[in-house]
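The analysis underlying the following values was restricted to heavy atoms, covering all of them including side chains, and did not include hydrogens, waters or symmetry mates. Predicted model only: the values in this text are computed from it and were never measured.
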Amino acid sequence: MTVLIKSRGIDMLDFACKEFELDDVFKCALKLTKSELQIMNKFLENDDKWLTSDDIAVMMGFDLSTVQKAVKKLYTSDVLNRSQKNLDNGGYVYIYKVCNREEMKMLIMEIVYTWVSRVENEFDNWIDGKQNYPYVAESVRSI
């Protein structure tokens with residue numbers, strides 16, 4: 001059974017044999033590193049602002065290249081929206097804003113539903129005798 005519990009003031013999901021913080025769900029579903037997760041959370045703390053990679057690097061004390069890689073991944077994962085800001089002296093800079101929390105929920109839930117479907121398929125194969133017990137599906141192990 002899956003339930004939401006509080007531990008040290010943090011929402012955690014209790015799933016059978018393991019408890020997950022929501023950050024763990026984001027990290028796993030989006031395949032984020034620790035620093036990428038921290039950067040995503042910084043955008044969430046500033047969800048009403050458009051920020052550059054430079055802004056985030058300064059706020060967090062991270063190398064600009066680390067932030068740029070994380071921002072690219074978060075943008076291509078549909079976590080961040082991007083806009084182009086034209087500079088007065090010519091050129092432009094990209095600015096980013098985190099998508100709203102409902103959109104993030106839908107993004108993660110789509111990944112979770114896909115995982116559930118894959119697990120269900122593996123059980124169906126197991127029931128039909130197509131898999132031997134004990135069996136751990138490669139596709140499930142990679143999630």
According to side chain to side chain donor-acceptor pair (under 3.5 Å), who are the partners of Asp47, at least two apart in sequence or on a separate chain? none

What residues form a side-chain contact (heavy atoms from CB on, under 4.5 Å) with Lys49, not counting sequence neighbours? Asn46, Leu51

Each residue besides Met106 in its hydrophobic cluster should be listed here, by chain and number; the cluster joins Ile, Leu, Val, Met, Phe, Trp and Tyr at side-chain heavy-atom distances under 4.5 Å. none

Residue pairs, two or more places apart or on separate chains, that pass salt bridge (Lys or Arg N to Asp or Glu O under 4.0 Å) and touch residues 52-66: none

Hits for side-chain contact (heavy atoms from CB on, under 4.5 Å) against Ile127, two or more places apart or cross-chain, chain-then-number order -> none

Show me the donor-acceptor pairs within less than 3.5 Å that the side chains of residues 32-40 make with the rest of the protein, sequence neighbours left out.
residue	atom	partner	partner atom	Å
Thr33	OG1	Ser35	OG	3.3
Thr33	OG1	Glu36	N	3.1
Thr33	OG1	Glu36	OE1	3.3
Glu36	OE1	Thr33	N	2.8
Glu36	OE1	Lys73	NZ	3.1

Could I get the full list of ring-ring contact (aromatic ring centres under 6.0 Å, His included) partners for Tyr92, not counting sequence neighbours? Tyr94

Pairs flagged by salt bridge (Lys or Arg N to Asp or Glu O under 4.0 Å) wherever residues 81-90 is involved - sequence neighbours left out: none

Mind checking what makes salt bridge (Lys or Arg N to Asp or Glu O under 4.0 Å) contact with Glu45, not counting sequence neighbours? Lys42

Supply the members, apart from Met109, of the Ile/Leu/Val/Met/Phe/Trp/Tyr cluster built from side-chain contacts under 4.5 Å; use none for a lone residue. Tyr113

So, using side-chain contact (heavy atoms from CB on, under 4.5 Å) as the criterion, who are the partners of Asn100 when residues are at least two apart? Glu102, Glu103

Met60 versus Val67: any side-chain heavy-atom pair under 4.5 Å? no

Tell me every residue that passes side-chain contact (heavy atoms from CB on, under 4.5 Å) with Lys97, counting only those two or more places apart in sequence or in another chain. Trp50

